[in-house]
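Shown next, in structure tokens, is the structure this report addresses.
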Amino acid sequence: MREEIIAAVRDAGVVGAGGAGFPTHVKIDARVDTVVANGAECEPLLRADQEIMAKESDKVVAGLAAVMLATGAGRGVIALKRKYAEAAANLAAAIGLLGDRRLELFFLPDFYPAGDEQVLVYEATRRVVPEGGIPLNVGAVVVNVETLVNVAEALAGKAVTDKYLTVTGEVAQPLTIRAPVGISAREVIALAGGATVDDFAIIDGGPLMGKLVALEAVVTKTTGGFIVLPRKHPAIAHKVASWTVIANRAKAACCSCRGCTDGCPRYLLGHGLEPHRIMQVIGGGLQDNAAVTRALLCSECGACEAYGCTMGLSPRRVIAELKAQLAKAGVKNPHRAEIRQARWERDYRRIPTKRLVARLGLEKYDRPAPFSTSPIPDEVRLPLLQHIGVPACPVVRDGDKVEAGDLVAVIPQGAAVGANLHASIAGEVFTGDGYIGIKARSKAGGMGW
């Protein structure tokens with residue numbers, strides 16, 4: 001049965017829906033004692049995982065049970081925040097119906113970044129993932145709750161064709177939808193009543209770890225939401241500032257107060273990452289190669305800049321730049337320390353979500369985003385790379401007719417990490433640079449096929 005589960009997940013093109021996009025068939029091809037379902041949804045303003053756990057609780061539980069079977073795990077934990085009351089009630093009922101005593105709900109405190117997989121593993125198991133390691137190193141696998149829904153659907157023969165996402169911020173009616181993969185940001189923002197300001201920017205993902213995208217960007221298998229904010233909002237300013245500006249500010253204003261380090265989730269887990277020492281290196285006051293290479297331990301959660309630094313600096317951007325430079329130079333992470341326990345002060349320095357929302361200036365946007373259905377768009381564009389690994393290889397050509405769920409691109413032969421890609425709507429194929437497009441049947445010439 002283990003092999004059948006892995007094969008079904010592979011065939012369906014399931015990848016980590018929480019943002020990373022790691023192919024799930026590779027992740028669950030392991031032996032662990034604990035599977036943690038990630039329902040923390042710790043990025044402010046996003047609501048998709050909450051809606052999934054409330055409305056697809058049976059599939060979340062079924063997917064978790066399947067991953068446990070594939071990995072041989074004896075414990076399955078659904079980690080979520082107690083404030084997700086409807087989700088908690090429905091999941092508890094689903095677990096009760098299944099009657100598997102190995103499954104449990106685990107309630108997290110309301111802090112950021114509870115959804116970081118290393119943080120989540122520590123909360124649920126009290127095990128610390130080693131420096132530069134992954135949960136597998138401590139006998140655990142972490143799977144996003146939407147990914148578990150996709151696992152359950154894969155076992156029923158359904159490929160990944162849709163994505164849950166939140167559309168919020170400066171829009172008329174915030175909502176959470178299940179939309180076809182490949183639909184444009186323009187269209188889903190229109191479904192939310194459109195932007196309520198003229199000069200705006202769009203974040204794909206959360207306000208801390210998300211990236212800026214254009215209106216013509218498309219929903220992928222990893223899109224958690226589109227957040228529309230005024231272009232001059234501080235959350236946007238940090239993302240658009242040039243590297244020159246970021247570096248000059250760090251050199252001029254960093255006073256080595258340790259605020260960034262004291263709030264760093266990886267440091268608090270006991271890792272050697274110390275953002276304030278990296279800022280000292282940038283400022284020219286410290287020659288410390290070990291501090292620089294420890295940048296490779298950073299998850300880029302943004303806690304250091306959003307909550308730790310009182311000077312308006314961006315340790316996260318500094319670290320991201322250093323990581324890019326180290327990667328370009330071929331430098332691998334040399335830090336692999338085994339951590340026996342988290343730092344004693346950790347529980348007192350977790351970042352409360354409400355305070356973070358206030359610090360980010362997002363209070364007015366922290367409002368419900370109820371579930372709504374998505375219509376079939378006129379066309380979709382499916383990027384061949386929506387996951388960690390190599391791009392999928394097309395198996396369709398211009399003019400081919402496809403149905404929703406049909407295989408349109410496959411894992412290249414010999415690739416260690418990749419994912420299949422399926423049509424998200426029925427229609428006629430057109431191809432472009434790095435994507436497969438599909439024009440909806442009703443728009444494809446009225447051919448009656």
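Note: hydrogens, waters and symmetry copies are ignored here, and every other heavy atom, side chains too, is used.
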Mind listing the closest non-hydrogen atom pair of [X] and [Y] along with its distance?
X	Y	result
Val26	Ala416	CG2-O, 4.1 Å
Leu322	Ala295	CB-CB, 4.3 Å
Pro207	Ile227	CD-CD1, 3.5 Å
Ala87	Leu80	CB-CD1, 4.2 Å

Euclidean distance, [Y] [atom2] relative to [X] [atom1], rounded to 0.5 Å:
X	Y	atom1	atom2	value
Leu136	Arg31	CG	CZ	12.0 Å
Leu407	His422	CG	NE2	4.5 Å
Cys260	Ile278	SG	CD1	8.5 Å
Phe106	Glu123	CZ	CD	6.0 Å
Asn144	Phe22	CG	CZ	15.0 Å
Ile78	Phe107	CD1	CZ	10.0 Å

Glu104 vs Arg75, salt bridge (charged side-chain N to carboxylate O under 4.0 Å, His left out): CA-CA, chis, key distance, verdict: CA-CA 8 Å; Glu104 63 183 272; Arg75 182 189 181 208; 3.0 Å; yes
Can any side-chain N or O of [X] pair as donor or acceptor with the backbone N or O of [Y] at less than 3.5 Å?
X	Y	value
Lys211	Asp204	no
Tyr84	Ala40	yes
Gln386	Ala419	no
His387	Val14	no
Arg336	Gly132	yes
Arg102	Met68	no
Glu4	Met1	yes
Ser424	Val181	yes
Arg231	Ile236	no
Thr223	Gly225	no

Flag if over 12 foreign heavy atoms under 6.0 Å of CZ, Arg126: yes
Close side-chain approach of [X] to [Y], heavy-atom, < 4.5 Å:
X	Y	result
Leu208	Pro44	yes
Ile376	Pro180	no
His335	Leu297	yes
Val141	Val36	no

Charged N to carboxylate O under 4.0 angstrom, [X] versus [Y]?
X	Y	answer
Glu131	Arg266	no
Glu300	Lys323	yes
Asp110	Lys83	yes
Asp49	Lys81	no
Lys55	Glu51	yes
Arg2	Asp29	yes
Arg47	Glu41	no

Side chain to side chain contact (heavy atoms under 4.5 Å, CB included) assessment of Val15 paired with Val160: CA-CA 9 Å; Val15 305; Val160 178; over 6 Å; no
Does a donor on one side chain sit under 3.5 Å from an acceptor on the other, for [X] and [Y]?
X	Y	answer
Glu305	Ser314	yes
Glu170	Thr196	yes
Glu56	Tyr164	yes
Thr168	Thr166	no

Test: Arg359 cationic atom under 6.0 Å from Tyr307 six-membered ring centre, within 45° of axis: yes
Axial cation check for Tyr267 ring with Arg343, 6.0 Å and 45° limits: yes
